[in-house]
Amino acid sequence: MGADSSALLALTGVNGSGLVFSGSTAPQQSENHGPGTIVQNNKLNGLFIPTTGGHHGYDPNNQEMFTGFIAEGAEINKGGHIQSIREVDIAVLIANLLGIEFKTPDGKLIPGIINTNK
């Protein structure tokens with residue numbers, strides 16, 4: 001899955017549970033971690049944290065974790081539509097738009113985003 005190959009175990013939260021795993025071992029105070037994301041007082045002694053908003057650590061094959069992607073600009077195909085894009089593909093897209101050579105083992109330029117009819 002592209003994670004640490006030496007990991008012995010991978011855990012993921014239950015879909016729709018509103019919980020993420022925590023690295024702490026004691027309750028934490030509420031903290032704002034960006035727009036729409038508030039980590040609330042931990043009621044389960046640090047193992048799980050009730051939360052809203054996006055977080056890392058979910059299975060990338062989990063359809064419930066998919067989101068949208070919108071791009072606009074002179075080089076972008078107006079009215080175009082793609083089936084999917086990965087986060088690692090966005091860096092390749094930006095580098096291409098800026099004319100920068102960017103070699104990555106994971107990302108690729110998704111057909112249909114860039115306007116090829118110039």
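These numbers come from a predicted model, not from an experiment.
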### Query
At their closest point, which heavy atom of K108 faces which heavy atom of D89, and how far apart are they?
N-OD1, 2.9 Å
### Query
If you round to the nearest 0.5 Å, how far is CD1 of I113 from CD of E75?
13.0 Å
### Query
CD1 of I110 to CD1 of I82: how many Å apart, nearest 0.5 Å?
6.0 Å
#### Entry: Pairs satisfying salt bridge (charged side-chain N to carboxylate O under 4.0 Å, His left out), at least one member in residues 76-85, at least two apart
none
## Note on the structure
So the salt bridge (charged side-chain N to carboxylate O under 4.0 Å, His left out) pairs with at least one residue in residues 90-105 (sequence neighbours excluded) are E101-K103
### Residue list, side chain to side chain contact (heavy atoms under 4.5 Å, CB included) with A71, at least two apart or on another chain
F69, I76
### Query
Who pairs with L98 by side chain to side chain contact (heavy atoms under 4.5 Å, CB included), at least two apart in sequence or on another chain?
I94, I100
### Message
Suppose we screen for side-chain hydrogen bond (donor to acceptor under 3.5 Å, both in side chains). Which residues come up paired with S5, at least two apart in sequence or across chains?
### Response
none
### Query
With no hydrogens and no angle check, is any side-chain donor or acceptor of D106 less than 3.5 Å from a backbone partner on V88?
no
### Task
Apply the test side chain to side chain contact (heavy atoms under 4.5 Å, CB included) to residues L93 and I114: give CA-CA distance (whole Å), side-chain angles for both, the deciding distance (0.1 Å), then the verdict.
CA-CA 8 Å; L93 171 63; I114 293 180; 3.8 Å; yes
